[in-house]
Amino acid sequence: MQEHPIVLADANNFYASCEAVFHPEVAGKPLVVLSNNDGCVVSRSYEAKALGIANGTPWFTIRQEAAYDQVIARSSNYELYGSLSRRMMSIMSGFLPGQEVYSIDECFMHSPWDIERTRRIAAVMRRAVLQGVGIPVSIGIAPTKTLAKITNHWAKRHPSSRGITTWGDLSRDDQGTAVLSSIEIDDVWGIGRRLAKRLRGLGIRQAAQLRDQDPVNMRRRFSVQLERTILELRGIPCIADDNDATGGKRDCQILCSRMFGTPILGEEGLRQAASVYAQYACRRLQRQHSLCTRVSVFCASSPFSKHDQYSSVCGSILLQDPSDDPVIISAAARQALHGRITPSVRYVRVGVMLTGLVDAASYDTLPALGARTDSGLSEVFEQVARRFGPAHVGIGFAGIRGDGRNNGDTGAAWAMRREMLSSRCTTRWDEMPVVRAD
DNA sequence: TCTGGGGTCCTAGGACCC
DNA sequence: TCTGGGGTCCTAGGACCC
């Protein structure tokens, strides 16, 4: 194995584990976390997995049985998960260099040390996260990202590994052939359902068989990604980090889309929702100091409806000048849908996409040209949000506050359903946990 | 009644230019 | 009037990830 291994740290059942941090009474019980609108299961505790509940299951199809099994359900509480994720990442970044935050619950790091020293550091890091945040993580150590994924997965499923596995542990005698022969092709990072089906058609069923394919040939037949995956399985690193030179990661497109609590009929409701999501997207745009040049909006009816045929529309507005002004962007979002809506269709989703992003700093135009007609409003919004929290002020429906905390974003009839939300302990003053010493 | 949200990368194809 | 190949840029769509 090479000298400088890649370390992948990945939280166990992240959302479900987060729910237990401030509510120890749910630890050790079957618990599921649901997607927006309490739609389907997106995270499960070990106990819920043991009951055979699969990820992605629509909640309404298992609700009764789950109640019988005393399964605890929670609406997704992204404020809480985001906050715990940042704490977890921050602790880990102090142990090893080159952290690449790959998703809300996992990060890659580059160890400058040999395997054994890396393993010892990983063990200390793991304990620090458990103690500091209360989240258990599993760690895989390997020469490539693809193999680190495999070792991480192994660490999760084998308690004897005590949360840490290295590729050396698995490949000792036979270059890993036995282990890779036990891994189905679709469990390999980068092989999705479609690709797996095509590969199986060629008789390639397990990871070991894929590893032994000719990379050049497979590149020609499929894609460069597949070639890279093959090389990575052989221990040759060829998937680069996403981090750019500045260290901070900046999105190239910003999408804000939601299913509605209840369907919307007619253009006006859709335009309200598009305007609200445009303003959410705008805040993310400003936070990463970008401007956008194109605003696209799409909306769609339910693909599951038995009565209506599925239909979707989209419209797109090219801005005259790159902008991060919520007044301009929400107006463009409203305009993008104009005249495209079929009045009889029950729409259940709308999304706003900001693309053609440019760095705000590199686009300072001469004031006299008046390119960025910033009304000053966005700065006011920013200040209000900093002082009072998000969703206190905005344009149109975005500025309206509902009554209950579950409906707190706009109070609109179509707002998200989140009926089983736990407290946002770490981000809201009024939802802090209370500790009593008797 | 009720089925998530947010990204990335790659490729093919069209428009345009020389 | 007719004809060619190659490069770049953009967009849409597919596939994948968590």
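On a predicted model such as this, the values are computed, not experimentally measured, just so you know. Because only heavy atoms are used, hydrogens play no part in the values below, and waters and symmetry mates are left out as well, while side chains stay in. Chain letters run A, B, ... following the sequence lines, proteins first, then strands; residues in each count from 1.
- Put simply, A:Arg228 has a side-chain N or O that comes within less than 4.0 Å of OP1 or OP2 on B:dC10.
- Heavy atoms of A:Ile104 sit nowhere under 4.0 angstrom from any nucleic acid atom.
- Residue contacts shown for A:Arg294 are limited to sugar-phosphate atoms, with no base heavy atom under 4.0 Å away.
- For the OP1/OP2 pair of B:dG6 and a distance below 4.0 Å, the side-chain nitrogens and oxygens of A:Arg258 include at least one atom meeting the criterion.
- Residue A:Trp59 is out of contact with every strand shown, counting any heavy-atom pair closer than 4.0 Å.
- Residue A:Asp105 is classed as a sugar-phosphate contact, given heavy-atom separations below 4.0 Å to backbone atoms only.
- When heavy atoms are screened at a 4.0 angstrom cut-off, A:Leu34 is found touching no nucleic acid atom at all.
- Counting any heavy atom pair closer than 4.0 Å across all strands shown, A:Arg63 reaches no nucleic acid atom.
- Using a 3.5 Å distance cut-off with no hydrogens or angles, the side chains of A:Ser138 and A:Asn12 do pair a donor with an acceptor.
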Checking salt bridge (charged side-chain N to carboxylate O under 4.0 Å, His left out) for the pair A:Asp241/A:Lys145: CA distance, chi angles, key distance, verdict?
CA-CA 10 Å; A:Asp241 279 6; A:Lys145 288 183 171 179; 2.8 Å; yes
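- B:dT3 atom C1' lies 14 Å from atom CZ of A:Arg346, rounded to whole Å.
- Across all strands shown, A:Val188 has heavy atoms under 4.0 Å from sugar-phosphate atoms exclusively, and none from any base.
- Closest to the side chain of A:Gln225, from the set B:dG6, B:dT3, B:dC9, is B:dC9.
- Here, C:dG4 and B:dC16 have their C1' atoms 15 Å apart, quoted to the whole Å.
- Contact annotation: the side chain of A:Thr151 never approaches that of A:Thr166 to less than 4.5 Å [non-hydrogen atoms, C-beta and beyond].
- If A:Leu255 and A:Pro263 are placed on DNA chain B by their nearest nucleotide, the residue sitting closer to the 5' end is A:Pro263.
- For the side-chain contact (heavy atoms from CB on, under 4.5 Å) with A:Leu354, the qualifying choice from A:Asp251, A:Val295, A:Thr293 is A:Val295, the only one to do so.
- By the 5.5 Å and 30° criteria, A:Phe60 is not stacked with the base of B:dT3.
- Counting non-hydrogen atoms under 4.0 angstrom, A:Gln253 reaches a base of the nucleic acid.
- Atom CD of A:Gln64 and atom P of B:dT1 are 13 Å apart (whole Å).
- Residue A:Arg194 has its side chain nearest to C:dC16 when only C:dC17, C:dC16, B:dT11 are considered.
- To the nearest angstrom, P of B:dG4 lies 7 Å from CZ of A:Arg349.
- For the pair A:Glu227 CD and B:dC10 P, the computed distance is 12 Å after rounding to whole Å.
- For A:Ile239 and C:dC18, the CD1 to C1' distance is 15 Å, given to the nearest whole Å.
- Under 4.0 angstrom from either OP1 or OP2 of C:dC18 there lies at least one side-chain N or O belonging to A:Lys149.
- Proximity of A:Lys29 to A:Leu31: side-chain heavy atoms (C-beta onward) are nowhere separated by under 4.5 Å.
- In this structure, A:Phe108 atom CZ and C:dC18 atom C1' are separated by 11 Å, rounded to whole Å.
- With A:Asp214 contributing its side chain and A:Asn217 its backbone, the two residues share a donor-acceptor pair below 3.5 Å.
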Writing each nucleotide of DNA chain B 5' to 3' as (, ), [, ], | or . by Watson-Crick or G-U pairing under 3.5 Å yields ....||||||||||||||
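- Atom CD1 in A:Ile254 sits about 17 Å away from atom P in B:dG5, given to the nearest Å.
- Comparing A:Asp38 and A:Ser257 by the nucleotide of DNA chain B whose heavy atom lies nearest to each, the residue mapping closer to the 5' end is A:Asp38.
- Checking A:Arg220, A:Arg221, A:Arg234, A:Arg219 one by one against A:Glu227, the salt bridge (charged side-chain N to carboxylate O under 4.0 Å, His left out) holds for a single residue, A:Arg219.
- Ring geometry for A:Phe108 versus A:Tyr102: interplanar angle over 60°, hence perpendicular rather than tilted (30 to 60°).
- If you measure from atom NZ of A:Lys145 to atom C1' of C:dC16, you get 15 Å, rounded to the nearest angstrom.
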Please table the atom pairs, donor to acceptor, closer than 3.5 Å between any side-chain atom in residues 81-88 of chain A and protein atoms at least two apart or in another chain.
unit_1: A:Tyr81; atom_1: OH; unit_2: A:Glu19; atom_2: OE2; d: 2.6
unit_1: A:Tyr81; atom_1: OH; unit_2: A:Asn77; atom_2: N; d: 3.3
unit_1: A:Ser83; atom_1: OG; unit_2: A:Thr426; atom_2: OG1; d: 2.6
unit_1: A:Ser85; atom_1: OG; unit_2: A:Ile104; atom_2: O; d: 2.6

